[in-house]
Amino acid sequence: MTYDPNNIFARILRGEIPCKKVMENDHVLAFHDINPGAPVHVLVIPKGAYVSMADFTANASVTEQAALMKAIGDVARQMGVSDTGYRVISNAGEDGNQEVPHLHFHVVGGRKLGRMLPRAD
Ligand code: AMP
């Protein structure tokens, strides 16, 4: 999957499309998912143009990588799910069912989330 500079998250980062912001710093933006799958469903994205974790860890600075990891934990605390539990998901590529080709982490919680994956059989 290649990076499309006109993907929806790139447009949110450029301010062309609004979002419901949760937190922001020099390297990261977090905002509510427009179609939440749980009471808490926040997307955490790097500000740089990376498509996946493989791309990010190969090409982002250590500072960007640390900032993204920290933001995920900060968002879980900020959303009040750090004690009750939550799940962090990053879909990548075709097999991962990635819809938006800008690296993002779903932070979901606020209810029992069940099994991580449906059984294949
Ligand atoms: P993924 O399948 O991992 O690429 O997930 C993409 C996510 O982006 C989905 O959960 C969508 O609901 C969410 N999404 C798409 N457009 C927007 C938007 N404009 N604002 C917030 N979330 C969005």
Side-chain angles (χ1 to χ4, degrees):
M1 195 174 253
T2 52
Y3 191 82
D4 170 7
N6 286 319
N7 76 74
I8 195 118
F9 295 168
R11 297 186 66 199
I12 286 174
L13 285 168
R14 289 197 294 268
E16 296 167 8
I17 292 176
C19 71
K20 247 178 96 183
K21 193 187 296 185
V22 170
M23 61 82 70
E24 180 174 17
N25 62 33
D26 286 351
H27 300 291
V28 179
L29 175 68
F31 52 96
H32 292 277
D33 195 292
I34 205 166
N35 187 19
V40 171
H41 190 164
V42 174
L43 300 173
V44 184
I45 70 173
K47 289 192 170 176
Y50 305 103
V51 68
S52 67
M53 271 302 277
D55 180 19
F56 187 63
T57 54
N59 297 305
S61 69
V62 169
T63 302
E64 289 172 286
Q65 295 187 46
L68 184 62
M69 188 63 74
K70 175 168 167 44
I72 292 167
D74 288 349
V75 163
R77 270 194 310 281
Q78 190 176 328
M79 297 307 296
V81 294
S82 56
D83 290 337
T84 48
Y86 57 96
R87 186 170 289 158
V88 179
I89 302 164
S90 184
N91 298 315
E94 203 178 323
D95 284 358
N97 227 38
Q98 181 177 8
E99 288 170 19
V100 179
H102 182 112
L103 174 62
H104 52 283
F105 285 85
H106 300 253
V107 179
V108 291
R111 67 167 170 79
K112 293 226 182 292
L113 296 168
R115 296 182 67 88
M116 187 173 74
L117 293 171
R119 287 186 182 281
D121 51 355

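Values below: every heavy atom of this structure, side chains too, minus hydrogens, waters and symmetry copies.
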*Asks:* Measuring from atom CG of D83 to atom CZ of R77, what distance do you get when rounded to the nearest 0.5 angstrom?
*Replies:*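 Going from CG on D83 over to CZ on R77, the span is 10.5 Å.
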
*Asks:* Go through the steps to decide whether K47 and D26 satisfy the test side chain to side chain contact (heavy atoms under 4.5 Å, CB included), and finish with yes or no.
*Replies:* CA-CA 8 Å; K47 289 192 170 176; D26 286 351; 5.8 Å; no

*Asks:* Please name the pair of heavy atoms, one in A67 and one in H27, separated by the smallest distance, quoted to 0.1 Å.
*Replies:*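 Reported closest heavy-atom pair: CB-CB, 3.7 Å.
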
*Asks:* Taking the side chain as everything from C-beta on, heavy atoms only, tell me whether L13 gets closer than 4.5 Å to H102.
*Replies:*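 Counting from C-beta outward, L13 and H102 do come under 4.5 Å.
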
*Asks:* If I compare all heavy atoms of A49 with all of D55, which pair ends up nearest, and what's the gap?
*Replies:*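 Looks like O-OD2, 4.2 Å.
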
*Asks:* Considering only heavy atoms from C-beta outward, does the side chain of Y86 approach that of M79 to under 4.5 Å?
*Replies:*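 Y86 vs M79: side chains apart.
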
*Asks:* Working to the nearest 0.5 Å, report the span between SG of C19 and CG of L29.
*Replies:*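 The SG atom of C19 sits 5.0 Å away from the CG atom of L29.
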
*Asks:* With a 6.0 Å cut-off on ring centres, are H104 and H106 close enough?
*Replies:*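 Judged by ring-centre distance (under 6.0 Å), H104 and H106 do meet the cut-off.
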
*Asks:* Do F56 and L68 make a side-chain contact, defined as non-hydrogen atoms from C-beta onward lying under 4.5 Å apart?
*Replies:*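 Answer yes - side chains close enough.
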
*Asks:* Going by heavy atoms in the side chains, are V107 and V44 under 4.5 Å from each other?
*Replies:*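 Yes - at least one pair of side-chain heavy atoms lies under 4.5 Å apart.
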
*Asks:* What's the shortest heavy-atom distance between A92 and S52, and which atoms?
*Replies:*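 Nearest heavy atoms, A92 then S52: CB-CB, 4.3 Å.
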
*Asks:* Could you walk me through whether I45 and F31 pass side chain to side chain contact (heavy atoms under 4.5 Å, CB included), step by step?
*Replies:* CA-CA 9 Å; I45 70 173; F31 52 96; 3.8 Å; yes

*Asks:* For E94, does the CD atom sit with more than 12 other heavy atoms under 6.0 Å from it, leaving out its own atoms?
*Replies:*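 It does not: E94 CD has 12 such atoms or fewer within range.
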
*Asks:* Dump the intermediate steps for side chain to side chain contact (heavy atoms under 4.5 Å, CB included) on F105 and M53, then the final yes or no.
*Replies:* CA-CA 10 Å; F105 285 85; M53 271 302 277; 3.5 Å; yes

*Asks:* If you look at every heavy atom in A10 and P5, which pair is closest and at what distance?
*Replies:*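 Taking every non-hydrogen atom into account, CB-O, 3.3 Å.
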
*Asks:* With a cut-off of 6.0 Å (strictly less than), are more than 12 heavy atoms of other residues, nucleotides or ligands near CG of N6?
*Replies:*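 Yes, the 6.0 Å shell around CG holds more than 12 heavy atoms from other groups.
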
*Asks:* Give a yes or no on whether the backbone of A60 and the side-chain of Q65 come within a donor-acceptor separation of less than 3.5 Å.
*Replies:*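 Side chain of Q65 to backbone of A60: a pair is present.
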
*Asks:* For the hydrophobic clusters of this structure (ILVMFWY residues joined by side-chain heavy atoms under 4.5 Å, transitively), does one cluster hold both V42 and V100?
*Replies:*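 No, because V42 and V100 fall into different hydrophobic clusters, even though each may have its own neighbours under 4.5 Å.
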
*Asks:* Hey, does H32 have a side-chain heavy atom less than 4.5 Å from the side chain of V22?
*Replies:*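 When only atoms from C-beta onward are counted, H32 and V22 do touch, with a gap below 4.5 Å.
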
*Asks:* At what distance, to the nearest 0.5 angstrom, does CZ of F9 lie from CG of L43?
*Replies:*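 The distance works out to 5.0 Å.
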
*Asks:* Does a side-chain heavy-atom distance below 4.5 Å link P101 with T2?
*Replies:*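 No, side chains not in contact.
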
*Asks:* Would a distance-only check, ignoring hydrogens and angles, find a side-chain to backbone donor-acceptor pair under 3.5 Å from E99 to N91?
*Replies:*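 Between the backbone of N91 and the side chain of E99 there is no qualifying donor-acceptor contact (under 3.5 Å).
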
*Asks:* Are V28 and V40 connected into the same hydrophobic cluster when the rule is that any two of I, L, V, M, F, W, Y join if their side-chain heavy atoms are below 4.5 Å apart?
*Replies:*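 V40 and V28: one cluster.
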
*Asks:* How long is the span from the NZ atom in K21 to the CD1 atom in I12, to the nearest 0.5 Å?
*Replies:*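 Going from NZ on K21 over to CD1 on I12, the span is 11.5 Å.
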
*Asks:* Could you give me the CA-CA distance, side-chain angles and deciding distance for I8 and I17, then say whether side chain to side chain contact (heavy atoms under 4.5 Å, CB included) is met?
*Replies:* CA-CA 8 Å; I8 195 118; I17 292 176; 3.8 Å; yes

*Asks:* With side chains defined as the heavy atoms from C-beta onward, is the minimum distance between R87 and V81 less than 4.5 Å?
*Replies:*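 R87 does not reach V81 side chain to side chain.
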
*Asks:* Hey, quick one: are V88 and V108 part of the same hydrophobic cluster, counting side-chain heavy atoms closer than 4.5 Å, chains of contacts allowed?
*Replies:*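 Different clusters.
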
*Asks:* First locate atom CG of L113, then atom CD1 of I89, and finally report the distance between them rounded to the nearest 0.5 Å.
*Replies:*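 Answer rounded to 0.5 Å: 7.5 Å.
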
